[in-house]
K.L.:
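Dropping a structure here in structure tokens format, bear with me for questions.
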Amino acid sequence: MKSHYRVVVIGGGVVGASVLYHLAKFGWTDVVLIERNVLTAGSSWHAAGGIHALNADPNMAALQAYTIDLLSEIEAESGQDIGLRMTGGITIASSPDRWDLLQDAHRTYQSIGIDDTYLMTPDEIAKAHPVMDTTGVLGGMYAAREGYVDTTGVVHAYARAARQRGAEVVEHNRVTELHRTPEGWQVVTEQGTITAEHVVNAGGLWAKQVGRMAGLELPVSPLSHHYLHTETIPEIAALDHEIPMCVDPEGFFYSRQYQQGMLIGIYEVNHNHWMMDGAPWNYGIELLQEDPDRIEHELTCAFTRFPALQNVGVKDWVHGAFTFSPDGNPLVGPVRGVPGYWLACGVMAGFLQGGGVGKTLAEWMIHGETETDSWSMDIARYGDFASNKEYIRQTTGQFYSRRFVMTYPNEQLPAGRPLKMAPAHSEMDAAGARWGESYGLEVPLYFAPRDFEETPTLRRSNAFDIVGAECRAVRQAAGLLDITGFSRFEITGPNAESWLNRVLAGRMPAPGRARLAPMLAHSGRLRGDLTLFNWGDGSFWLMGSYYLRNWHMRWFDDRWHDGVMIRDISDDWVGFSLSGPRSLEVLERLTDGEVALPFMGCRAMDVGLSRAKVGRLSVTGELGYEVNVRASDHITLRRALLEAGADLGLVEYGYNALTSLRLEKSFGAWRSEYTQDRTPAMVGLDRWIDWTKDDFIGREAAFSARDTAPERVLATLEIDADGADASGYEPVWSEGTVVGYVTSGGYGHVVEKSLALALVDPAVATPGTALSVHVVGQERPAKVIAPSPYDPEGRAMRTT
Ligand SMILES: Cc1cc2nc3c(=O)[nH]c(=O)nc-3n(C[C@H](O)[C@H](O)[C@H](O)COP(=O)(O)OP(=O)(O)OC[C@H]3O[C@@H](n4cnc5c(N)ncnc54)[C@H](O)[C@@H]3O)c2cc1C
């Protein structure tokens, strides 16, 4: 072991080994992995080693596909046998909604290039899996890229391949302390102190403690998990081929062949946290005592699905622990405020996702950004609120228990809620608000009568008419939307304007004006779709999506400059968006004289009793005003606006209506149309770039992309829908070929059309082109229409 390395990776489980391998593969070879015990000594040695293609999040599915493809590569490269058995796998559906979901998922995979899945009838399933009783099974999805590995072999293969490329591995050496110094990190280990530019927390079951060494309280907790191996099953022994893997979500179990018997693993509803503060340092290569009583119901499901299990004994139990984040996705990336400290932890399925996590982190460390959209695993999706132990307990427990439970797109889950509430929350609640959640904050989805209950569904829900009425009210009169769920950053100081001019790709707004402000990475890909306000007093605001607060602040911090002060004021400033043809009348009643704000104008003014900062813009495409006030004035502002608009038809509305209204205007949104792996040209944000500027981040890349036609462009589609609308990632077809996919969709209640925005091949993007789209797994005719089916000239927004 040397005294200096560029990178110290802490932890020799599958994730740490994969990070080490990818760093070395991409050219950083002055790297070392430090392991407390021996490689695999955390969760990795006793994992079931199953690899499944399915994931509800398409970005995670793509990451899993990368890992699965990598496995045979590292086996060949390292010469280490990893026991890879690609048996294929079947996920079965025994409820109509699950069957719909599987058909939908099969189509989603086609959109993202996973083209080796197909749907199966119960008869086909019975033939492929002869020990299964298919009673009650409605269908299944077969995925060719499923199977299992020898887990110890995989960790050693990554480590051996990394060593062959120049990396080092040191075992039996615990990292005991971390200190940040001007020279980098002092990594104190049992065998001596190392100075390193970067450290990676790949501590697995101990990630919590390795986080605390750097002053972090990471949102991660271990939970315990069972699987068992059976004795030989004669029906399996008699087969001349291996049975495929099988997941029965309604039975809460997964399974595969194990020698001539089976392996059955359980995700029980009655979950069990284990050592929430992280495993003890002296926890060895050991198992927990099995607890069959806790998983009795799920075991009964498995024994019913595979009756042959009833005639054989359990050979052995594996009851161990592994870590979960609140949403079950990994925690990866740099941590805001802790330079050189990187995360690669909270990885629930290390053998399935570890390859992708290693690749993503290595790219991030070496190139400053990742090749694909890393948001789903980025630590920045959580803020301080997620360090709370009770929040972690509730959310990780909920994730575990619901691992195989179907979550509907319109379903709201209760864990860790309500946490953050807007000051006017109680009043909106009394007015019938139904709540969603964004970065811990409760946000209104729609307003409904007290006794209304929304039914979870993949199709249009019983809230359809309620949301429709809100949309019509906004377009015909006026609507009020709580915009506490927008982020606000204040930028001041002598160099504020020049800093903004460099960080943002757009033109600087004149004093008293606002502008849409795309922000780019050096690669020319998107980093934000912000709105910049120049208040005219030397202060600027950037407004964006609330859930991106930490993500944007980390970006700003890393590009901070002398003479610039950047403050996240999202907790201090809140507001309401007032929009609709009568919104000016409402506002005028609360102001002293004329509002006199041009389109995209902004200024401080009195609104009722509040001193407000008002911008004239709206996401609805109507005449509209965003009225921002201090948090203490939120209730006062709401009451004043509602009272002033009572006889003008003003209604409160929620974010579900906003989605419908923005789709009618073909306005994109972050995470749907705008993502960090897309360029402005693909999604139409290039028209906001100031090509005359000498310097801005991403300028060079944006210029070189400018003359190349993008592979995909954004198009607006009208779908001949039938009780269900597209929502995202559905494939778009032209004469039997996939030509793109939906980025967001829904019903346009005012234009009375099922609409979608989709990224498609430019050859089919011309209005009038006939296409088709799979909606909840069913193919529906669609056609490209001109953008902005509502008010294409944008008159409503601009009228004074
Ligand atoms: C019963 C069971 C079944 C599972 N089945 C599957 C499956 O089928 N498929 C799948 O993909 N996943 C499965 N998993 C999950 C999988 O095991 C984990 O996702 C994976 O092992 C996590 O790897 P890791 O590298 O993050 O953590 P770990 O394997 O816990 O490794 C962390 C390592 O860091 C070391 N370390 C920690 N702190 C320090 C320190 N301060 N100094 C030095 N070293 C340190 C530890 O000793 C340990 O070796 C299962 C897990 C269990 C328990």
Side-chain angles (χ1 to χ4, degrees), residues 8-20 32-52 55 64 67-68 71 89 146-149 151-152 154-155 158-159 169-178 187-191 199-213 220 222-228 245 247 254-256 263-267 274 278-285 287-288 290 317-325 328 330-332 343-358 403:
V8 172
V9 179
I10 305 170
V14 65
V15 176
S18 166
V19 171
L20 190 78
V32 67
L33 183 153
I34 306 287
E35 166 53 46
R36 176 191 68 104
N37 190 323
V38 292
L39 290 177
T40 78
S43 299
S44 296
W45 71 274
H46 57 307
I51 44 181
H52 305 268
N55 192 301
Q64 293 176 183
T67 307
I68 295 171
L71 288 169
E146 298 208 345
Y148 60 91
V149 288
T151 57
T152 301
V154 169
V155 179
Y158 278 127
V169 174
V170 179
E171 294 179 294
H172 302 291
N173 186 24
R174 178 156 74 89
V175 172
T176 55
E177 288 170 42
L178 291 172
V187 182
V188 183
T189 80
E190 289 170 335
Q191 294 179 23
V199 291
V200 177
N201 176 352
L205 286 176
W206 295 264
K208 194 92 175 178
Q209 294 99 310
V210 179
R212 286 186 183 140
M213 289 178 194
V220 64
L223 280 105
S224 78
H225 179 75
H226 285 91
Y227 67 86
L228 60 86
M245 316 261 294
V247 175
Y254 57 88
S255 64
R256 67 164 162 93
L263 178 155
I264 307 287
I266 302 290
Y267 275 97
W274 180 80
W281 287 119
N282 62 359
Y283 184 65
I285 298 189
L287 292 174
L288 311 175
E290 68 267 19
W317 288 93
V318 176
H319 185 203
F322 56 125
T323 51
F324 291 80
S325 71
L331 300 175
V332 180
L343 296 181
C345 58
V347 186
M348 164 196 75
F351 294 90
L352 182 55
Q353 299 173 341
V357 167
R403 175 88 171 93

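All ligand and atom numbering here is 1-based and tracks the order in the structure. Just so it is clear, the structure is predicted and the values come from calculations on it, not from any experiment.
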K.L.:
If you compare all heavy atoms of Ser44 against all heavy atoms of Val155, which two are closest, and at what distance to 0.1 Å?
P.N.:
CB-CG2, 4.1 Å
K.L.:
Exactly one of Val187, Asn173, Val9, Val169 should register a side-chain contact (heavy atoms from CB on, under 4.5 Å) with Ile34. Which one does?
P.N.:
Asn173
K.L.:
Within ligand 1, which atoms have a heavy atom of His46 less than 4.0 Å away?
P.N.:
1 (C), 2 (C), 53 (C)
K.L.:
Under 4.0 Å, heavy-atom basis, I'd like to know which part of Ala17 is in contact with ligand 1: side chain, backbone, both or neither.
P.N.:
neither
K.L.:
Hey, does the side chain of Thr67 reach the backbone of Gly356 with a donor-acceptor pair shorter than 3.5 angstrom?
P.N.:
yes
K.L.:
At a non-hydrogen distance cut-off of under 4.0 Å, which region of Ala344 contacts ligand 1 (side chain, backbone, both, or neither)?
P.N.:
neither
K.L.:
Of the backbone atoms (N, CA, C, O) and the side-chain heavy atoms from C-beta on, which set of Trp45 has a member under 4.0 Å from an atom of ligand 1: side chain, backbone, both, or neither?
P.N.:
neither
K.L.:
For the residue pair Pro280 and Trp274, what are the closest heavy atoms and their distance?
P.N.:
CD-CH2, 4.3 Å
K.L.:
Only heavy atoms of Ala321, strictly under 4.0 Å: list the atoms of ligand 1 that pass.
P.N.:
53 (C)
K.L.:
Just to be sure I read this right, does ligand 1 sit under 4.0 Å from the backbone of Tyr158, its side chain, both, or neither, counting only heavy atoms?
P.N.:
neither
K.L.:
Would you verify whether the NZ or CZ of Arg36 falls within 45 degrees of the ring axis of Trp281 while also being under 6.0 Å from that six-membered ring's centre?
P.N.:
no
K.L.:
For the atom pair CG (Leu287) and CH2 (Trp45), what is the distance rounded to the nearest 0.5 Å?
P.N.:
4.0 Å
K.L.:
For atom 27 (O) of ligand 1, what's the nearest protein heavy-atom neighbour? Residue, atom name and distance, please.
P.N.:
Gly204 CA, 3.2 Å
K.L.:
Angle between ring planes, Trp317 versus His226, binned at 30° and 60°: parallel, tilted or perpendicular?
P.N.:
perpendicular
K.L.:
Quick one: look up the protein heavy atom nearest atom 30 (O) of ligand 1 and list residue, atom name and how far away it is.
P.N.:
Ser43 N, 3.0 Å
K.L.:
Can you name the atoms of ligand 1, numbered from 1 with element, that are less than 4.0 Å from a heavy atom of Ile34?
P.N.:
43 (C), 44 (N)
K.L.:
Given that the side chain starts at C-beta and the backbone is N, CA, C, O, which of these parts of His226 lies under 4.0 Å from ligand 1, counting heavy atoms, or is it both or neither?
P.N.:
neither
K.L.:
How close does the nearest protein non-hydrogen atom get to atom 25 (O) of ligand 1, and which residue and atom is it?
P.N.:
Val15 N, 3.0 Å
K.L.:
Just to be sure I'm reading this right: ignoring hydrogens, which of Gly12, Gly13, Pro222 gets closest to atom 31 (O) of ligand 1? Compare them by their nearest heavy atoms.
P.N.:
Gly13
K.L.:
Under 6.0 Å between ring centres: does that hold for His46 and Phe351?
P.N.:
no
K.L.:
With atoms numbered from 1 as shown, which atoms in ligand 1 lie under 4.0 angstrom from a non-hydrogen atom of Trp206?
P.N.:
37 (C), 38 (N), 46 (C), 47 (O), 48 (C)
K.L.:
Can you list the atoms of ligand 1 that are under 4.0 Å from a heavy atom of His225?
P.N.:
1 (C), 2 (C), 3 (C)
K.L.:
So which heavy atom in the protein is nearest atom 11 (O) of ligand 1, and how far is it from that ligand atom?
P.N.:
Phe351 N, 2.9 Å
K.L.:
If you have a sec, work out which protein heavy atom is nearest atom 5 (N) of ligand 1 and how many Å separate them, to one decimal?
P.N.:
Ala48 N, 3.0 Å
K.L.:
Just to be sure I'm reading this right: ignoring hydrogens, which of Ser44, Ala349, Cys345, Ala47 gets closest to atom 50 (C) of ligand 1? Compare them by their nearest heavy atoms.
P.N.:
Ala47
K.L.:
Atom 36 (N) of ligand 1: which protein heavy atom is closest, and how many Å away?
P.N.:
Gly11 CA, 4.0 Å
K.L.:
Give a yes or no answer on whether the side chain of Tyr227 reaches the backbone of Ala47 with a donor-acceptor pair at less than 3.5 Å.
P.N.:
yes
K.L.:
Identify the protein heavy atom lying closest to atom 40 (C) of ligand 1, giving its residue, its atom name and the separation to 0.1 Å.
P.N.:
Ile10 CG2, 3.6 Å
K.L.:
Please assess Leu39 against Leu33 for the test side chain to side chain contact (heavy atoms under 4.5 Å, CB included), listing each intermediate value before the final yes or no.
P.N.:
CA-CA 10 Å; Leu39 290 177; Leu33 183 153; 4.1 Å; yes
K.L.:
What is the nearest protein non-hydrogen atom to atom 44 (N) of ligand 1, stated with its residue, atom name and distance?
P.N.:
Arg36 N, 2.8 Å
K.L.:
Taking atom 37 (C) of ligand 1 as the point of reference, which of Ala279, Gly203, Gly346 owns the nearest heavy atom?
P.N.:
Gly203
K.L.:
Please work out whether the ring planes of Tyr283 and Trp206 are parallel, tilted or perpendicular, with thresholds of 30° and 60°.
P.N.:
tilted
